[in-house]
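Notes follow once the structure below has been shown.
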Amino acid sequence: MQPAFTVRTPFANLGVKVEQGCVAGIQAVANSLDLPPLTELDKKITRQLNQYCKQQTDCFDVSLKLNGTPFQKKVWRELRRIPPGKVTTYGAIAEKLHTSPRAVGNACRRNPVLLMVPCHRVVSSSGLGGFAGKTRGKWPGIKRKLLQHEGVILD
DNA sequence: TGTTTTGGGGCTG
DNA sequence: CAGCCCCAAAACA
């Protein structure tokens, strides 16, 4: 089955199947595509992603070595403190870091690990906000589904 | 609904 | 280094 979209991680490309308004399952694209065999770390990530889909909670205990500017790392570190089921705004993050909402969105846009750095839990003050670098198209819809999966009530 | 301000990154020279 | 453009925002009229 073709995954609805691909989650980018430092370790592997993982397909995520989205159906009926929630994230229903994860499958490693490696099974169906020409990708190298999964390493132990890949399998661990896959297990944790599966667990996220079942339990709607974060189980990501891998240490991420993210490439980014010092500012981006500060923003990403702040994002990882947002628990599942909670959302915050670009403005609130900006206030904590003494910067501007615009700059926070810029750093979110460059987040390489969706889900593990939960940028989907940051919304605009006047709506959903963008996701995966896009403000239109399917990605904002996926953001919405991830939030619904975590039990967030959206207007 | 517009328009204006905004901070950081990436690019060019 | 400076100048310029791009943005997943926000405030305001």
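All chains are named by letter (A, B, ...) in the order of the sequence lines, taking the proteins before the strands, and each is independently numbered beginning at 1. None of the values given here were measured: they were computed from a predicted structure.
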| task | Go through DNA chain B in 5' to 3' direction and return only the first and the last nucleotide with some atom under 4.0 Å of chain A's heavy atoms. | result |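 The contacted stretch runs from B:dT6 to B:dG10.
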| task | Using a 4.0 Å heavy-atom cut-off across all strands, classify A:Tyr90 as base, sugar-phosphate, or nothing. | result |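 Touches a base.
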| said: Testing the 3.5 Å rule here: is there a donor-acceptor pair between the side chains of A:Asn106 and A:Arg110? | reply: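 Per modelled atom types, A:Asn106 and A:Arg110 side chains form a pair under 3.5 Å.
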| Nonpolar side-chain network containing A:Val87, other nodes, edges under 4.5 Å |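 For the cluster that includes A:Val87, the remaining residues are A:Val123, A:Leu128, A:Leu147, A:Val152, A:Leu154.
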Value in whole Å for how far the [atom2] atom of [N] lies from [atom1] of [X]:
| X | N | atom1 | atom2 | result |
| --- | --- | --- | --- | --- |
| A:Leu97 | C:dA9 | CG | P | 17 Å |
| A:Asn106 | C:dC6 | CG | P | 13 Å |
| A:Ile93 | C:dA10 | CD1 | P | 11 Å |
| A:Leu79 | C:dA8 | CG | C1' | 11 Å |

| query | Watson-Crick or G-U wobble partner for B:dT1, using a 3.5 Å limit on both distances? | reply |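 Matched B:dT1 with C:dA13 under the 3.5 Å cut-off.
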| query | Is there a side-chain polar atom (N or O) of A:Ser124 under 4.0 Å from OP1 or OP2 of C:dA10? | reply |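 Yes, such a contact exists.
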| request: Please determine if a side-chain N or O atom of A:Ser125 lies less than 4.0 Å away from the OP1 or OP2 oxygen of C:dA9. | output: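 For C:dA9, neither OP1 nor OP2 has a side-chain N or O of A:Ser125 closer than 4.0 Å.
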| said: Tell me if the side-chain of A:Arg102 makes a donor-acceptor pair with the base of C:dC7, cut-off 3.5 Å, by modelled atom types. | reply: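 Side chain to base: pair found, below 3.5 Å.
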| task | Show your working on side chain to side chain contact (heavy atoms under 4.5 Å, CB included) between A:Gln148 and A:Arg144 and close with a plain yes or no. | result | CA-CA 6 Å; A:Gln148 286 172 344; A:Arg144 181 176 290 276; 3.9 Å; yes
| task | Would you mind listing every salt bridge (charged side-chain N to carboxylate O under 4.0 Å, His left out) that reaches into residues 124-136 of chain A, with sequence neighbours excluded? | result |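 Qualifying pairs, neighbours excluded: none.
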| field | Passing candidate, side-chain contact (heavy atoms from CB on, under 4.5 Å) with A:Cys119, options A:Leu79, A:Val104, A:Ile82 | value |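 One option only clears the test, and that one is A:Leu79.
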| message | Let's go through A:Leu146 and A:Leu115 carefully: what are the C-alpha distance in whole Å and the side-chain angles of both, what is the deciding distance for side chain to side chain contact (heavy atoms under 4.5 Å, CB included) to 0.1 Å, and is it a yes or a no? | response | CA-CA 9 Å; A:Leu146 287 172; A:Leu115 297 187; 3.7 Å; yes
